[in-house]
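See structure below.
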Amino acid sequence: MAPRGLCTLSVVLLWGCVVVSSSSHTTVAPPRDLQITDPGLLGALDVEWKPPPNVQTPSECTVKYKFEYRNTGDTDWKVIFTRKLKFRVGFDLSRTAEVKVQTLLKGRCTNDVEVQSDWIYATFQVPLQGKLESQVQNFHCIYHDWEYLKCTWQPGLPAPPGVHYGLYYWYEGLAQAARCEDYTQDHGMNVGCTLRNLSQAEYRDLNICVNGSAAAAPLRPLYTTLRLQNLAKPSSPRQLVVSMSAAEELHVTWSPPGGQTPPQCLEYEVEMAEDLGEAKPAWQCPEKKTSSYLSSFQSF
Ligand SMILES: *[C@@H]1O[C@H](CO)[C@@H](O)[C@H](O)[C@H]1NC(C)=O
Ligand SMILES: *[C@@H]1O[C@H](CO)[C@@H](O)[C@H](O)[C@H]1NC(C)=O
């Protein structure tokens with residue numbers, strides 16, 4: 001009995017050994033020449049690499065890449081599985097861009113087990129000129145009525161005399177970054193800019209850079225990426241008409257604000273107060289109306 005049990009055990013061990021060694025012998029090298037280049041699109045960077053050396057990919061085995069990227073300081077990597085050798089992805093240029101790629105090999109040559117190479121890494125940082133405080137402050141943008149984007153800012157510190165700020169932007173579809181032409185000024189200094197005709201940029205990344213030149217010292221540019229649909233603000237409804245019917249019903253009607261805001265995105269709020277000659281009428285909100293065009297409601 002005892003010898004037979006031992007024999008079974010040794011056969012199992014041997015078989016296990018064969019499988020482990022056959023898959024662990026298959027290795028794959030990482031890709032080569034990982035490079036990040038800046039095409040000047042204010043945040044979109046081009047990342048490319050070359051296949052591992054001497055890949056004679058056995059037939060029935062496929063080579064793929066796992067490409068991951070983030071800005072330094074982010075906790076998570078964004079992950080892309082691909083067979084391509086080049087990607088354009090968005091970063092925040094005020095921080096270092098980090099990328100890594102590894103080769104993945106899978107198929108009959110690996111017993112259908114995915115074999116991963118080591119990673120290769122690359123980083124990129126635009127030259128950071130000027131001190132951080134010299135960057136413009138309180139940068140805000142509103143997409144008014146889905147029609148025009150107005151951005152405002154305050155000068156960095158110390159507010160340099162004779163500073164000249166410019167706003168540049170890019171979104172997918174523009175051949176290159178463009179300069180805003182319509183500035184708001186305060187004492188001759190650009191402190192805001194209005195961009196129109198941005199429908200192509202909706203639901204995409206809109207990359208922005210506000211930089212400036214001053215005679216005294218270089219200024220730190222501000223980089224940011226906007227999503228227009230998150231910055232939309234409608235104006236007030238128009239043509240408010242209040243009337244009282246014979247049955248003492250109060251009718252309130254209005255029409256939608258102008259602009260291109262999609263009607264399904266609009267919601268109205270009605271408040272009313274009785275004028276009792278008090279200094280401050282108490283406004284009440286009797287009811288909310290969604291998507292209403294020429295609405296009315298009954299009062300009291
Ligand atoms: C609006 O932008 C498009 C490209 O996105 C351009 O072809 C068109 O001429 C622009 N229109 C105006 C009024 O600027
Ligand atoms: C501001 O940024 C734009 C776009 O990158 C660039 O063309 C321009 O030279 C910069 N200006 C200054 C003063 O750095």
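Counting starts at 1 for both ligands and their atoms, following the listed order.
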| query | Is it true that Tyr69 and Phe91 have ring centroids separated by less than 6.0 Å? | reply | yes
| remark: Gly212 heavy atoms within 4.0 Å reach ligand 2 at atoms 13 (C)
| said: Classify the ring geometry of Phe67 against Trp49: parallel below 30°, tilted from 30° to 60°, perpendicular beyond 60°. | reply: tilted
| task | Could you tell me the residue and atom name of the protein heavy atom closest to atom 7 (O) of ligand 2, and the distance to it rounded to 0.1 Å? | result | Tyr168 CE2, 4.2 Å
| said: Are any of the N/O atoms on Asn211, whether in the backbone or the side chain, positioned under 3.5 angstrom from an N/O atom of ligand 2? | reply: yes
| said: Checking contacts now, so for atom 9 (O) of ligand 2, which I'm interested in, is there any protein heavy atom under 4.0 Å? | reply: no
| Proximity of Leu42 to ligand 2 by residue part, where a heavy atom lies under 4.0 Å | side chain
| query | Is the distance between the SG atoms of Cys151 and Cys193 less than 2.5 Å? | reply | no
| task | Would you please classify the geometry between the Tyr143 ring and the Trp146 ring as parallel, tilted or perpendicular, with 30° and 60° separating the classes? | result | tilted
| query | Is any side-chain heavy atom of Pro39 less than 4.5 Å from a side-chain heavy atom of Arg88? | reply | yes
